[in-house]
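To find a chain, count down the sequence lines: A is the first, B the second, and so on, and within it residues start at 1. Hydrogens, waters and symmetry mates play no part in the numbers below; they use all other heavy atoms, side chains included. Here the structure is a predicted model, which is why all the values come from computation and not from measurement.
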Amino acid sequence: MTERRIRVRFAPSPTGPLHMGGVRTALFNYLFARKNGGDFLLRIEDTDQTRYVPGAEEYIVESLKWCGLVPDEGPGFGGSYGPYRQSERKEMYAQYAQQLIDSGWAYYAFDTPEDLDRLRSEAETAGQVFSYSQHTRRSLCNSLSLSPEEVTERIESGASYAIRFKMPEELDVTGDDLIRGSVTFNTRELDDKVLFKSDGMPTYHLANVVDDHLMEISHVIRGEEWLPSMPLHILLYRAFGWEETRPQFAHLPLILKPQGKGKLSKRDGDKLGFPVFPLLWKDPETGDISRGYREDGYFSEAFINLIALLGWNPGTEQEIFSIKELSEIFSLDRVVKSGSRFDPEKAKWFNRSYLQQKTASELAEYFQPVLDSKGLTVAREQVVAIIDEIKDRCDFVADIWTNGYYFFEAPASYDEKTVAKRWKPETPAEMEAIAGVFESVEPWDATSIKEQFSTFMNEKGWNFGGVMNPLRLCLVGGNMGPDLFRICELLGKEEAIHRIRMAIEKIK
RNA sequence: GGUCCGUUCAUCUAAGGGUUAGGAUUCAAGAUUUUCAUUCUUGCCAUAGGGGUUCGAAUCCCCUACGGACUGCCA
């Protein structure tokens with residue numbers, strides 16, 4: 001029990017894209033492993049052949065890589081406890097199920113899915129809930145209700161059967177959850193879960209316990225939705241005689257919808273305008289596209305940072321952390337117990353913080369594809385200079401274009417409100433005069449432009465605001481943007497003058 | 001319905017018997033920016049309700065309310 005190597009696993013089922021909650025589970029496992037000098041493994045729980053979704057496993061792996069949560073062991077990652085895909089471990093589970101039958105912890109159940117469906121709907125119409133348990137098992141079709149001869153006969157004649165756990169009667173099972181403390185269940189309320197399916201595959205419960213044991217997992221860190229099955233798992237370890245090395249459990253709180261009730265689901269993101277998946281996902285069946293944080297322009301560091309702080313906090317007032325820092329200070333006892341609502345606004349703020357930390361030259365690298373996609377060729381030096389001017393008004397790389405497109409192409413239209421407010425009858429003549437002044441400005445840099453512009457303005461006795469605002473309108477198409485003289489400089493003399501004259505033509 | 005988990009500003013959270021209940025996001029106001037955004041300053045806003053225990057409770061106990069998860073030959 002002491003000196004045990006820390007080994008944790010992230011064990012998703014490849015039934016679709018990895019959800020934010022899943023990423024956080026992976027992250028906490030990863031951080032716990034790093035913090036304690038242990039191993040982080042990826043295990044694919046693909047025991048349900050009916051829910052197989054092509055591309056899901058690849059998606060999971062790509063997501064983990066994008067987030068920087070690279071497993072130490074896993075399918076495609078090496079490790080000496082493999083295989084790490086449960087479908088490839090299929091053969092090992094039968095013997096463990098058999099072991100439980102032999103020791104009286106499990107039994108054969110011959111009821112067909114149709115039988116059970118019928119029982120469930122009958123119970124429902126009677127306002128009850130059917131459960132296959134110690135209270136009903138004797139009246140159902142299984143090796144506890146049938147005679148040994150009948151059981152043997154059925155099995156030998158090839159009848160299909162499942163193997164169910166024989167839940168003990170009237171037993172308090174207490175689990176010590178690392179996040180919630182001790183939680184007690186009485187087996188009287190628990191049902192006889194299927195451990196081994198008639199298709200020859202184990203269910204989650206069996207496969208999970210067997211694999212965690214075989215892979216020497218020390219801590220099971222998973223979502224709160226698994227808390228109700230903790231007593232079953234504890235009993236399974238007991239039944240197998242593995243209690244000495246049973247992993248410790250930690251059940252993470254859920255991530256809730258931003259508004260309303262319930263946990264975050266795929267639909268919410270599409271409805272509320274933010275992604276719930278790390279990467280874009282295209283449903284192979286329907287072709288539906290779900291957006292991803294990566295494609296929405298989030299930096300993976302920001303994504304990890306914001307997810308880490310959902311349900312965990314360092315106990316200090318620091319909020320910005322690299323994954324490296326998190327790896328050094330993460331601890332399960334600072335995980336909160338209650339579910340947390342995801343706040344898209346704060347997510348944006350995190351991304352902004354990361355963007356602001358980057359240099360203009362780094363951002364130019366991220367921004368280049370945007371220019372490429374628009375077929376624009378701009379000198380890197382110029383791009384860096386432009387980003388330097390507008391960076392502080394951006395939350396995302398894409399905002400560089402939104403907030404600074406006018407540096408790359410002339411405004412196609414002029415903001416109506418601004419025109420109405422700033423474009424006076426005398427404006428065209430004033431603009432033409434400014435264009436004239438600009439023609440003689442040398443050298444063409446912000447300081448000189450400002451100087452000569454000001455001199456001219458003072459000579460004329462014109463009101464600065466009355467001229468600067470329409471001039472801005474000419475150059476950028478609205479009332480936004482950085483220092484006007486810097487814009488002029490970056491645009492170049494010829495372009496600036498051209499835009500003024502173009503605006504005189506086009507406005508009104 | 002049953003079992004289990006949870007409940008501090010609108011949101012993420014701090015405070016593990018003694019603080020004017022702190023920070024962050026959002027929002028609002030002011031300053032700066034001859035524009036807009038940024039930035040800065042300030043402000044608004046919380047212990048679900050009721051009982052205990054205690055000199056003293058957000059913190060411990062009980063009840064209620066509300067929220068959530070689970071209740072599949074899914075994971």
Judged by each residue's nearest nucleotide on RNA chain B, which is more toward the 5′ side, P482(A) or E189(A)?
E189(A)
Do the ring centers of Y59(A) and W281(A) come within less than 6.0 Å of each other?
yes
Using a heavy-atom cut-off of under 4.0 Å over every strand shown, decide if R222(A) touches base, sugar-phosphate, or nothing.
nothing
Looking at R118(A) and E122(A), does any basic side-chain N land under 4.0 Å from a carboxylate oxygen?
yes
Under 4.0 Å, counting only non-hydrogen atoms across every strand here, what does R334(A) touch: a base, just sugar-phosphate, or nothing?
sugar-phosphate
OP1 or OP2 of rU35(B) under 4.0 Å from side-chain N/O of N469(A)
no
Report the distance from atom NE2 of H233(A) to atom P of rC4(B), rounded to the nearest whole Å.
18 Å
Using a heavy-atom cut-off of 4.0 Å across all strands, would you classify V129(A) as base, sugar-phosphate, or nothing?
base
Could you tell me whether the phosphate oxygens of rC74(B), OP1 or OP2, come under 4.0 Å of any side-chain nitrogen or oxygen in K197(A)?
yes
Any-strand Watson-Crick or G-U partner of rC27(B), both distances under 3.5 Å
rG43(B)
I want to verify a distance call: between rA69(B), rC73(B), rA75(B), whose nearest atom is closest to the V194(A) side chain?
rC73(B)
Are D48(A) and R51(A) close enough for a salt bridge, meaning some N to O gap below 4.0 Å?
yes
Is the distance between the ring centroids of Y108(A) and Y161(A) less than 6.0 Å?
yes
Nucleotide-resolved protein contact map, nucleotides 21-27 of chain B, B/S/- at heavy-atom distance under 4.0 Å:
-SSBSS-
Closest nucleotide of RNA chain B for G478(A) versus for A11(A): which of these residues is on the 5' side?
G478(A)
Under 4.0 Å, counting only non-hydrogen atoms across every strand here, what does D111(A) touch: a base, just sugar-phosphate, or nothing?
base
Heavy atoms under 4.0 Å, any strand shown: does V476(A) hit a base, just sugar-phosphate, or nothing?
nothing
Minimum-distance nucleotide (side-chain atoms of L254(A) versus rA75(B), rC36(B), rG68(B)):
rG68(B)
Name the nucleic acid region contacted by T184(A), choosing base, sugar-phosphate or nothing; use a 4.0 angstrom heavy-atom cut-off, strictly under.
sugar-phosphate
Under-4.0 Å side-chain N/O to phosphate OP1/OP2 contact, R422(A) with rC36(B)
no
I want to verify a distance call: between rC12(B), rU38(B), rC4(B), whose nearest atom is closest to the F185(A) side chain?
rC4(B)
Is R51(A) near enough to rA75(B) that one of its side-chain N or O atoms lies under 4.0 angstrom from OP1 or OP2?
no
Between D46(A) and R85(A), is there a side-chain N and carboxylate O pair less than 4.0 Å apart?
no
With a non-hydrogen cut-off below 4.0 angstrom, is F130(A) in contact with a base, only sugar-phosphate, or nothing?
sugar-phosphate
Base, sugar-phosphate, or nothing: which does G311(A) touch, judged by heavy atoms less than 4.0 Å apart?
sugar-phosphate
Base-pairing assignment for rG6(B) (Watson-Crick or G-U wobble, both under 3.5 Å):
rC66(B)
T187(A) side, atom OG1; I234(A) side, atom CD1 - distance, nearest 0.5 Å
12.0 Å
Does a salt bridge link K193(A) with D191(A), judged by any charged N lying under 4.0 Å from a carboxylate O?
yes
Nearest-neighbour nucleotide for the N313(A) side chain, rA75(B), rA14(B), rU7(B) considered:
rA14(B)
Could you check which of rA75(B), rU13(B), rC70(B) has an atom nearest any side-chain atom of P228(A)?
rC70(B)
So S198(A), base contact, sugar-phosphate only, or nothing? Heavy-atom distance under 4.0 Å.
base
Which is true for K348(A) with a 4.0 Å heavy-atom rule: it touches a base, it touches only sugar-phosphate, or it touches nothing?
nothing
Taking any heavy-atom pair under 4.0 Å as a contact, classify D483(A): base, sugar-phosphate, or nothing.
base
For atom NZ of K450(A), is the number of surrounding heavy atoms from other residues, nucleotides or ligands below 6.0 Å larger than 12?
no
Under 4.0 Å between a side-chain N or O of R120(A) and OP1 or OP2 of rC73(B)?
yes
Using a cut-off of strictly less than 4.0 Å, decide whether T47(A) has a side-chain nitrogen or oxygen near OP1 or OP2 of rA75(B).
yes
Assess whether a salt bridge exists between E430(A) and K460(A), defined as any Lys/Arg side-chain N lying under 4.0 Å from an Asp/Glu carboxylate O.
no
